[in-house]
Structure formats: structure tokens, C-alpha cells
2 protein chains.
Amino acid sequence: MASDNLKKVYIFSGLDDNELDKISKIVKVKTFNKGDIIFFDTEPYKGFYINSAGLVKIYKISKDGKEHILHLITANNTFAEVPLFENLSGTLSGNFGYPANAMAIEDNTRVVLVPARLFLEMLESNTKICIKMCAGFAKRLRHLNNHIEELTLKDVSRRVAGYIINERRSEEQNKISLSISKNDLSSYLGTIPETLSRTLKKLQDEGMIEVDGKVIRITDAVKLKQYSE
Amino acid sequence: MASDNLKKVYIFSGLDDNELDKISKIVKVKTFNKGDIIFFDTEPYKGFYINSAGLVKIYKISKDGKEHILHLITANNTFAEVPLFENLSGTLSGNFGYPANAMAIEDNTRVVLVPARLFLEMLESNTKICIKMCAGFAKRLRHLNNHIEELTLKDVSRRVAGYIINERRSEEQNKISLSISKNDLSSYLGTIPETLSRTLKKLQDEGMIEVDGKVIRITDAVKLKQYSE
DNA sequence: CGTAACCTTGATTAAGATCAATTCTCGTGG
DNA sequence: CCACGAGAATTGATCTTAATCAAGGTTACG
């Protein structure tokens, strides 16, 4: 991976060219197709990843095959950083692997593996990158907090409404295009495809949205937002 | 708060006496009784907290009054650190408040408020504390991941079984004592008191546990563990 | 074209929430 | 020391949501 691409990755944005170059020399780049596994939660930890192109889902699976998507990782975002800090000396007990599974959900998804040991060394001498790591974790913690809030305090149709409202880049935007399949969306929203399908229809019947394949037009943003809360 | 007490707090464990003393001089100590609010998620952010004695619940409430407990904070643990890193320059947009509500759930709960600005200054010049902050976040992220996994992939009785199994300090321990009310436990497990009550009875009828008030004796740990997975 | 993955629709079922009514527990004041 | 009352916990009857089961329909791609 060229070091100027690394600059786009949030946690690396404060590094100088020297440091970037150093990193770019030790990372490993891999390409995956839709449906390919990047790692399982059962594997030993190797390091964290950067998604440099494509889309990655982070998900859990139960013994009877039910899936739940925890995160969707878009380009220039990192994933699987958590175990970096769990296997430090003095940090609790145990040897931790990946917290969940990761799968590419677009063809030609390119990910960059940053080996754990080297990165930790860099971290110890670089407060800036360390604070950025904290900021990244903070963002993710708030996201998970909100995700749990949605899952436990709202019914399915309110979760769907909330998802659509939040997919907008701005308050004015009235059309969104789903970046994932409806199967994956239902898994992310803690439901199943059948229920999602029915729910979208219901929101359409009530005049809040119009669904056309992957494109959803918001016909009454105020009502939709209010309904979702 | 005496600076030797601060040492027990994980993120401060690497600091020397000088630094600890500096912190202990600028913190504010407050005492709360059962049911007292420490902060609401609507308040402007002041800083993060240390629970120095007692028990604190971090929770969300929906408009129609449903509650869900995200975390239980025991003594010498910190909470509300997330917004520290969300209001940094260069870190996204917006001004973030507390991510959830906090309430004391034991009498004489003592909490220590660490003002945000001072702590951030300290962080910038101290990599050790910064890495510990990352480690604390990592631990919490894994916890939330697991919490979501439980909530979305398991039914109530499996969640209850899993909770009981995980409350044990060791594999040998066959008796646990609930540190919170069954009302709060049901809220943490994503259900309601009635259902929790029935579920405990069911697990008892199937010979896995014996319930006596707040004390739960595990009568068949193997079966209980297997059932929970 | 043909096949597989994706999506939708309908009928049925089951888990767990809600509603309603006791019972239990424990701290407080007479 | 006992009675009272409030909050906590339990129990029963009913209802609602969303999962499950089953069958088609649609889309995309080799």
C-alpha cells in the first residue's frame, strides 16, 4: 500500500512521511471477493486491519446459524484493533483473539494487515497516534451504545425508520441508496429478511418512504424521524 | 480523595506520586444514595468519573419509559470517558454529551469527577496513561460486543443462564449472590422482572440452579453452561 | 437463457411483553 | 416490639410482535 493512501486512515493522519513509509513497508495487502472470510473469531490474533477499498462486515454467529452484524466497515476505516490492547502485559489475563468474524461483502475488497507488535512499538513513542486510537475507540463505543439502545428499546419498524433517517448525509437529502443487501440490513437491525420486507412496506403504506429496490426515497422526513424516536 | 486511593484505579496505576497528587487536588468527590442521578445523557459534559465506593448503573431510557442497563460500574472503575475524545479538535464534528444516564444503585456511593480539560493535558504528555485508556476502552468494547451477541442471538433463558455462569469468579464456585436487584438484572438482560422471575423458576425446575432470594446455587454447572451456549 | 442468490408474500406459531392481582421483604415510626 | 407502607418479587391470564415455515417471484450474472 502506498504511504499516501495511509494518510487517509484516521489514526495515521498525524504521522510524517518517514513514519508512514515505515508502516507501508511492513503491512500486508490482501484482496477478497464478496463472501470471502477475512478472519474468524476463533483465529489467533495477528494484527489489525485497514479496509482500503470495498466493504467489510463484522458479525457474530450463533451455534444454530443465526447471524448478527455488529459493524459495517467502509473504506479507510480500521477494524480489529481491540485485541491489540488486551494482550499487553499488566492488562488483565488471558490471550484474546478476534472479537468477531469479518467478511468481505463486495468484490475486490482490499484490506491491509498491520502486524500487532510493530504497531504497539510505534504507539509507545507516539502520543498523537495513541490519542487518535482513543478517539477511534470512543466513536465506536458510542456507536455500540446507540446500537444496543436501538435493539433493546425500539421495535423493528422504529429501528428501520431510524436507520433510514441516519443514512442521510444531511437533513436535506431525501433519497438514500442501500450499500448492503436487505439480507445484511436485516441482520444488522436485529431481525430477519421477511420482517424487514414487511416493515418497509408498512412504512411505505403510511406515506413515509417509497422503496424501489435498493433506493429509498423519503417522502415525509419529519414524520419518519418522529416515528423513529 | 487521597492519592493512594487513586492508585487502585486502573488507568492511574502507572503514575508516580507527584502526578497522583496533582490529580487528587483537582478532582471533586460527591456522595450519592440509592436512586440518585449522577448525570443524564442530556447534560453538557464536565469530565469523567471514578466510582470509588458503591455501585453505579449506566443506562438508557426510551420515551415510553423502558430502561436498559448498559454497564454496571463497580468500585475503582471509571465511567463516562468516551466524550473526552469526541470533542477534540480534528475529531469529527459536533459537541457530545454523556452517552447515557448514570445512577447510584447503592447507598453511600462515592464518585470522583475528573475534569476533562486537565486530564486531556496530562494525557498528551503521558503515553502510559494513554495506552491504559486504550486498554480500558478495548475491554469495554469487547464487553459491549458480547452484550450485543447475547441480546440478539440468544433467548432470555439462555441469557440468564449465561449471566449466572459468568458471575462466578472461578469454575469451582457454585454459589453466587446477586449484587443488584432482580429489577435491575432484568433490565440488564434485556427483559422484564416478570419474565426473569419465570425464567429463574424454569432453570430451577430443570435442576440447574436453586434460587433463594438474591443467592443462586448452581446445582449443575455443566448443564447450565452448555445450555447457555 | 438458466441457475442461484435475493427478495417478497402468506399462514402459522411461539416467545415474551403486558395487564392485573397478590405476596414478600424490609426499613421506619408509633 | 409490632404495625404499617413502599418497593420488590412472584404468579396468572391474555395479547402482540416478530420468528418460523412454506411457496413464489425477481434480479443478476455466467
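Every heavy atom of this structure was used, including side-chain atoms; hydrogens, water molecules and symmetry mates were not. Bear in mind the structure is a predicted one, so any value in this text is a computation, not a measurement. First the proteins, then the strands, lettered A, B, ... as listed; each starts at 1.
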Measure NZ/A:K202 against P/D:dA18 and give the value in whole Å, please. 7 Å
Report yes if at least one side-chain N or O of A:K34 is closer than 4.0 Å to OP1 or OP2 of C:dA5; otherwise report no. no
To the nearest angstrom, how far is B:L196 atom CG from D:dA9 atom P? 9 Å
Rounded to whole Å, please give me the gap between NZ in A:K154 and P in C:dA17. 18 Å
Any side-chain N or O of B:N183 less than 4.0 Å from the OP1 or OP2 oxygen of D:dA9? yes
Could you tell me the separation between the CD atom of B:E106 and the P atom of C:dG27, rounded to a whole number of Å? 14 Å
Within less than 4.0 Å of OP1 or OP2 of C:dT8, is there a side-chain N or O belonging to A:K201? no
What interatomic distance, in whole Å, is found between C1' of C:dC6 and the corresponding atom of D:dA23? 15 Å
Close N/O contacts between protein and nucleotides 19-26 of chain C (under 3.5 Å):
residue	atom	partner	partner atom	Å
C:dC19	N4	B:E194	OE2	3.1

Who are the salt bridge (charged side-chain N to carboxylate O under 4.0 Å, His left out) partners of B:R159, not counting sequence neighbours? none
What is the bend of the helix from C:dT8-D:dA23 to C:dG30-D:dC1 when you compare the axis at one end with the axis at the other, using five pairs each and rounding to 10°? 40°
Rounded interatomic separation in angstrom, taking NZ from A:K182 and P from D:dA28: 11 Å
Return the value, rounded to whole Å, for the distance between atom CG of B:L189 and atom C1' of D:dA9. 16 Å
Report which part of the nucleic acid A:G35 touches: base, sugar-phosphate, or nothing (heavy-atom distance under 4.0 Å, all strands). nothing
CG of A:D212 versus P of C:dT8: gap in Å, rounded? 11 Å
Result for 5'-nearest mapping on DNA chain D, choosing between A:D155 and B:S197, is B:S197
Assess, by modelled atom type and distance only, whether the side chains of A:K202 and A:S157 contain a donor and an acceptor separated by less than 3.5 Å. yes
May I have the distance from B:D107 (atom CG) to C:dG27 (atom P), rounded to whole angstrom? 10 Å
Distance below 4.0 Å between B:S181 side-chain N/O and D:dA8 OP1 or OP2: no
